[in-house]
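For reference, the structure is listed below as C-alpha cells.
Any value given below was found using the heavy atoms of this structure, including those in side chains, with hydrogens, waters and symmetry copies removed. We count ligands from 1, going down the list as the structure has it; atoms in each ligand are counted the same way.
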Amino acid sequence: MSRQVPVWQRELTRAITDPVELLRELKLDPALLPAARAAAARFPLRVPRGFVARMTRGDPNDPLLRQILPLDAELETAPGFVADPVDDRAAHVAPGVLHKYHGRALLIVTGACAVHCRYCFRREYPYADFHAGVDQWRPALAYLANDPSLREVILSGGDPLSLSDRRLSALLAALDRIPQLERLRIHSRQPIVLPERVDEGLLDLLARTRLRPVLVVHANHPREIDADVRAALERLAAAGVTLLNQSVLLRGVNDSATVLAELSETLFSARVLPYYLHLLDPVRGAAHFDVNKTEASAIIKALRQRLPGYLTPRLVREQPGQPAKTLVE
Ligand SMILES: *Cc1c(COP(=O)(O)O)cnc(C)c1O
Ligand code: SF4
C-alpha cells in the first residue's frame, strides 16, 4: 500500500522561497528585488502560498508581507541588536531541552518552520547543535523522566508541527509514559500560516495522548486569520485543545491599540485567547521592527481601556536569569 503524502506536506514543499516569485505574485515593484536577494542570503525567504494569498496585491507595506519579505534594513547593524539575544545556554540542560522555569521544560524538536519570520530571535540560531532528531530524543526524555517537579512539557523549535505525524506520535507516546507530566503544550505558527496542518491525523494524535493539550499559536495581525484558519482553530477547540495566542509587537505590523484590539476580537471569535505580547528580542537584522518600551506601554494601556481583561495579552520581555517572563507595565 502506498503511503499518501498529506496535503499540508505538499503545501510545505510548494512554499515560496524565491523573491522573484513573491514579487511577481504580489505585483510588487521589481526594484525591491536586489535587497530581497541580499537579505535572503542571510536568512532565506520562506512563506506558504496560502499565507501570501491573504496579502494585498501591490502594497509593499502590507502587514503580513512585512513579516516575511527580506529587506535592506536587515543588513544594517544597530547597537544592542546581536546574533543571540536570548542567551539560553545556561538553561540548556540536555540535548534539545531548555529548562528555565519551574514545573515546565521546553523541548526543541526541530529547527524547521513553515514560514521564516524576519523578526525571529532564532534567525541566527545554531539549530544544528540543538536539534533533537527522533533517535536523539532519548537523553531529553531521560532528563524529563528524572525531574519529578515537571508538570508540563512544551514542544518548540523551530515549529514542532513541522514533524510528521509518525514522528510526533512516537514522541507523544514517550511523553505519555512520564507519569509526573500532566500537560502537553505545543508552540506552533502552523495553524496560522498553514491551516492544512490541522488535519485528521493531527487531531487523532491529540485525542490519543493522556496529557491535557494546550496549543499556543502565533498570529500578529487580524488579517492572518481567514476562513481556513478559523475553521482549523475551531476543529482544534472542538477536539478539546486549549488555544492561546502569542504575538510579537512589531513596528509597521501591529504597533497600534486598534490593530491589537481587532486581533484579540478575531482570535476570540476563533476560540483563541490572547496570552503574550512579546517585546521584540533584539536580534541582529530586526531593529526596524522595534517598538520601544515607552511606546509599548502606552499601546498596552490603551488596549486595556478597550478590552475585557481576558482579551488583553500580557506585555512581556525575555530577561536572561529571571524565573519567569518579565511583565512590562
Ligand atoms: C517562554 C518560555 C517558557 C514558557 O513560559 P510560560 O510563561 O509558561 O509561557 C518555558 N521555557 C522557556 C525556556 C521559555 O523561554
Ligand atoms: S514560526 Fe516562530 S520560530 Fe519559526 S521563524 Fe517564525 S517566529 Fe521564528
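- Nearest to atom 2 (Fe) of ligand 2 by heavy-atom distance, out of His278, Gln190, Arg123, His218, is His218.
- Residue His92 does not touch ligand 1, judged by heavy-atom distances below 4.0 Å.
- For Ile154, every heavy-atom contact with ligand 1 shorter than 4.0 Å involves the side chain, none the backbone.
- Listed by atom number, the atoms of ligand 1 under 4.0 Å from Tyr275 heavy atoms are 6 (P), 7 (O), 8 (O), 9 (O).
- The residues Arg14 and Glu11 are annotated as salt-bridged, a charged nitrogen and a carboxylate oxygen being separated by less than 4.0 angstrom.
- Note that the CG atom of Asn220 and the CZ atom of Arg189 stand 5.0 Å from one another [nearest 0.5 Å].
- Residue contacts with ligand 1, taken as heavy atom pairs separated by less than 4.0 Å, involve Arg104 solely via side-chain atoms from C-beta onward.
- Among all protein heavy atoms, the one lying closest to atom 11 (N) of ligand 1 is Leu106 CD1, 3.7 Å.
- Because the distance cut-off is set at 2.8 Å, Cys117 qualifies as a neighbour of atom 6 (Fe) of ligand 2 through one of its N, O or S atoms.
- Heavy atoms of Arg122 come nearer than 4.0 angstrom to ligand 2 in no pair at all.
- Side-chain N or O atoms of Gln180 include one that pairs as donor or acceptor with a backbone N or O of Ala145 at under 3.5 Å.
- Side-chain contact annotation: Asn254 with Ser256, donor-acceptor N/O pair under 3.5 Å absent.
- Note: Glu74 CD to Arg42 CZ = 8.5 Å, rounded to the nearest 0.5 Å.
- Residue Lys325 has at least one nitrogen or oxygen atom sitting less than 3.5 Å from a nitrogen or oxygen atom of ligand 1, judged on distance alone.
- Per-residue contacts place Arg189 under 4.0 angstrom from the following atoms of ligand 2 (heavy atoms of the residue considered): 1 (S).
- Listed by number with element, the atoms of ligand 2 under 4.0 angstrom from any heavy atom of Cys113 are 1 (S), 3 (S), 4 (Fe), 5 (S).
- Nearest protein heavy-atom contact of atom 7 (O) of ligand 1 is Tyr276 OH, 2.6 Å.
- A donor-acceptor contact closer than 3.5 angstrom links the side chains of Arg185 and His187.
- Protein heavy atom closest to atom 13 (C) of ligand 1, with residue, atom name and distance, is Lys100 CE, 3.6 Å.
- Residue contact check for ligand 2: Asp159 places no non-hydrogen atom closer than 4.0 Å to it.
- Listed by chain and number, the residues in a side-chain contact (heavy atoms from CB on, under 4.5 Å) with Ser164 are Gln9, Arg166, Arg167 (sequence neighbours excluded).
- Judged purely by atom type and a 3.5 angstrom limit, Arg46 uses its side chain to pair as donor or acceptor with the backbone of Cys113.
- Heavy-atom separations between His99 and ligand 1 are all 4.0 Å or longer.
- Residue Phe43 shares its hydrophobic cluster (ILVMFWY side chains chained together at separations under 4.5 Å) with no other residue.
- With respect to the salt-bridge test (charged N to carboxylate O, under 4.0 angstrom), the residues Glu200 and Arg235 do not qualify.
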